Amino acid sequence: MNLLEVDNISKSFGGVKAVNGISFTLPEGQLLALLGPNGAGKSTCFNILNGQYRPETGSITFDGHDIAGMKPRDIWRLGVGRTFQIAATFSSMTVVENVQMAILSRESRLFQLWKPASSFFLDEAMSLLEQVGMAAQAQRPCGVLAYGDVKRVELAVALANKPRLLLMDEPTAGMAPRERNALMALTKKLVVEKNMSVLFTEHSMDVVFEFADRMIVLARGQLIAEGDGETIRNHPKVQEVYFGTGKTFEKEGKAL
């Protein structure tokens with residue numbers, strides 16, 4: 001069953017077609033990579049799906065709901081979570097407080113507090129931190145964490161809304177190779193356990209080919225290829241867009 005169906009969406013800025021007639025589907029329980037060089041339209045596509053931009057053409061159907069043009073908060077309440085290229089957490093708050101605030105928002109309790117926020121939903125917040133491997137650091141301020149750990153906290157915050165679809169914009173940006181693989185292995189595990197769908201952008205090809213179930217590739221605002229790793233690896237248009245020569249993707253000198 002397709003959880004997300006994107007049909008012929010477009011968005012222009014001035015005379016530039018940032019997204020030009022893109023269509024794709026995302027089934028339940030799948031990890032889908034959205035690829036493309038800088039300027040391909042990935043971020044614009046994400047911002048359309050998240051409600052930050054209204055598409056000029058096309059439709060977006062999530063779990064039977066037409067979400068094209070809806071506000072980000074309304075889309076979030078339907079069960080669409082998001083993480084950002086630059087991790088967004090409250091650095092002065094503890095790890096567990098960050099997650100508690102997300103749960104309070106989900107429950108519409110942010111403006112109905114008669115006790116400190118830290119006294120609400122502690123067990124659920126700790127359970128989420130356990131899932132992402134951050135329970136042991138629950139009482140530490142986010143501002144003192146290593147960057148890879150901040151990314152894990154951000155993932156727990158996103159999961160607090162119990163999303164069926166998670167949009168992850170450059171989830172491993174700024175992370176060391178070991179951290180990248182650990183975070184994406186965790187994400188893959190959550191996809192399987194929760195039957196959750198994930199759409200993510202990524203520049204690290206080793207991460208993409210290791211963990212993505214399927215890939216779609218954009219160039220100059222248009223979708224030029226889609227398929228599994230083998231299909232994308234050998235696709236002539238993809239090789240031309242990334243390298244201009246048709247040579248294969250490489251990792252540490254070895255073809256992927």
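Quick caveat, the model's predicted, so the values are computed rather than measured.
- The residue from Val6, Leu32, Leu31 that alone fulfils the side chain to side chain contact (heavy atoms under 4.5 Å, CB included) condition with Leu26 is Leu32.
- In terms of heavy-atom proximity, Ala182 sits nearest to Arg152 at CB-NH2, 3.6 Å.
- For the pair Leu186/Val132, a side-chain contact is recorded, criterion being any heavy-atom separation below 4.5 Å from C-beta on.
- Counting heavy atoms from C-beta on, the side chains of Met70 and Leu78 come closer than 4.5 Å.
- Counting heavy atoms from C-beta outward, Met1 and Asp63 have side chains that approach closer than 4.5 Å.
- Between Glu202 and Arg180, no side-chain nitrogen of the basic residue sits less than 4.0 Å from a carboxylate oxygen of the acidic one, so the salt-bridge criterion is not met.
- Linking Ile, Leu, Val, Met, Phe, Trp and Tyr residues whenever their side-chain heavy atoms come within less than 4.5 Å leaves Val157 and Val144 in two separate clusters.
- When side chains are defined from C-beta on, Thr187 does not count as touching Phe211, because their heavy atoms never get closer than 4.5 Å.
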Quiz prompt | Test log, rule side-chain hydrogen bond (donor to acceptor under 3.5 Å, both in side chains), inputs Arg73 and Ser105 | solution = CA-CA 10 Å; Arg73 187 169 189 81; Ser105 179; 3.3 Å; yes
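- Summarising the geometry of Gly69 relative to Pro55, their closest heavy-atom pair is N-CD, 4.0 Å, with the distance given to 0.1 Å.
- Arg214 and Thr231 share no side-chain donor-acceptor pair at under 3.5 Å.
- Geometrically, Arg233 engages Phe209 in a cation-pi contact defined by less than 6.0 Å to the ring centre and at most 45° from the axis.
- Taking CD1 of Ile48 as the reference point, atom OH of Tyr53 lies at 9.0 Å (rounded to 0.5 Å).
- Residues Ser197 and Leu166 are not in side-chain contact: their nearest non-hydrogen atoms beyond the backbone lie 4.5 Å or more apart.
- The shortest heavy-atom contact between Lys17 and Ser10 is NZ-CB, 4.0 Å.
- In terms of modelled atom types and a separation under 3.5 Å, the side chain of Glu56 and the main chain of Ser12 share a donor-acceptor contact.
- Stacking of Lys11 on the aromatic ring of Phe13 is recorded, both the 6.0 Å distance cut-off and the 45° axial limit being met.
- Minimum heavy-atom separation, Gly229 to Met215: CA-CE, 3.5 Å.
- Taken from CG in Leu128 to NZ in Lys162, the straight-line distance is 9.0 Å, to the nearest 0.5 Å.
- Within the 4.5 Å cutoff, side-chain heavy atoms of Arg164 are placed close to those of Glu28.
- With hydrogens and angles ignored, the 3.5 Å screen pairs no side-chain donor or acceptor of Ser91 with any backbone N or O of Cys142.
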Quiz item: Stepwise, does the side-chain contact (heavy atoms from CB on, under 4.5 Å) test hold for Leu49 with Ile67?
Solution: CA-CA 8 Å; Leu49 296 177; Ile67 64 172; 5.8 Å; no
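- Of the possible donor and acceptor atoms, one in the side chain of His235 sits under 3.5 Å from a partner among the backbone N and O of Lys237.
- Counting heavy atoms from C-beta on, the side chains of Leu155 and Met134 never come closer than 4.5 Å.
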Practice problem: Could you go through the side-chain contact (heavy atoms from CB on, under 4.5 Å) check for Gln30 and Val191 one step at a time? | Solution: CA-CA 7 Å; Gln30 189 175 92; Val191 166; 5.9 Å; no
Exercise. Could you please spell out the steps behind the side-chain hydrogen bond (donor to acceptor under 3.5 Å, both in side chains) verdict for Lys71 and Gln52?
Key: CA-CA 7 Å; Lys71 294 180 180 179; Gln52 291 174 293; over 6 Å; no
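- Electrostatic pairing of Lys188 and Asp213 counts as a salt bridge here, judged by a charged N lying under 4.0 Å from a carboxylate O.
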Self-check item: Test log, rule side-chain contact (heavy atoms from CB on, under 4.5 Å), inputs Leu129 and Val96
Solution: CA-CA 7 Å; Leu129 290 174; Val96 70; 3.9 Å; yes
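- No continuous path of hydrophobic side-chain contacts links Leu35 to Leu218 [ILVMFWY only; heavy atoms under 4.5 Å].
- Between Pro163 and Val80, the shortest heavy-atom distance links the atoms CB-C, 4.4 Å.
- Asn47 contributes a side-chain N or O that, together with a main-chain N or O of Ser43, makes up a donor-acceptor pair within less than 3.5 Å.
- Nearest heavy atoms, Val241 versus Ala219: CG2-CB, 3.8 Å.
- With values rounded to the nearest 0.5 angstrom, Cys45 atom SG is found 12.0 Å from Asn20 atom CG.
- The only option from Glu154, Gln137, Arg140, Glu179 that meets the side chain to side chain contact (heavy atoms under 4.5 Å, CB included) definition with Asp149 turns out to be Gln137.
- Put simply, the side chain of Thr57 never gets that close to the backbone of Ile9: no donor and acceptor are under 3.5 Å apart.
- Between Phe62 and Leu165 there is a side-chain heavy-atom pair separated by less than 4.5 Å.
- In this structure a side-chain-to-backbone donor-acceptor pair under 3.5 Å is present from Thr201 to Glu170.
- For Asp66 (side chain) and Ala68 (main-chain N/O), a donor-acceptor pair under 3.5 Å exists by modelled atom type.
- Atoms CG and CD1, on Asn8 and Ile22 in that order, are 10.0 Å from each other to the nearest 0.5 Å.
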Self-check item: Residues Thr172, Asn181; criterion side-chain contact (heavy atoms from CB on, under 4.5 Å); working and verdict
Solution: CA-CA 8 Å; Thr172 70; Asn181 284 297; over 6 Å; no
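- Taken together through direct or relayed side-chain contacts under 4.5 Å among Ile, Leu, Val, Met, Phe, Trp and Tyr, Leu34 and Met205 form parts of separate hydrophobic clusters.
- In this structure, Thr61 contributes its side chain and Gly64 its backbone to no donor-acceptor pair below 3.5 Å.
- In this structure, CD in Glu130 is found 12.5 Å from CG in Asp123, a value given to the nearest 0.5 Å.
- In the hydrophobic cluster analysis, where Ile, Leu, Val, Met, Phe, Trp and Tyr join through side-chain heavy atoms closer than 4.5 angstrom, Leu159 is grouped together with Leu145.
- Note that the CZ atom of Arg82 and the CE atom of Met168 stand 11.5 Å from one another [nearest 0.5 Å].
- In terms of hydrophobic clustering, with Ile, Leu, Val, Met, Phe, Trp and Tyr side chains grouped at heavy-atom distances under 4.5 Å, Phe200 and Trp76 are assigned to different clusters.
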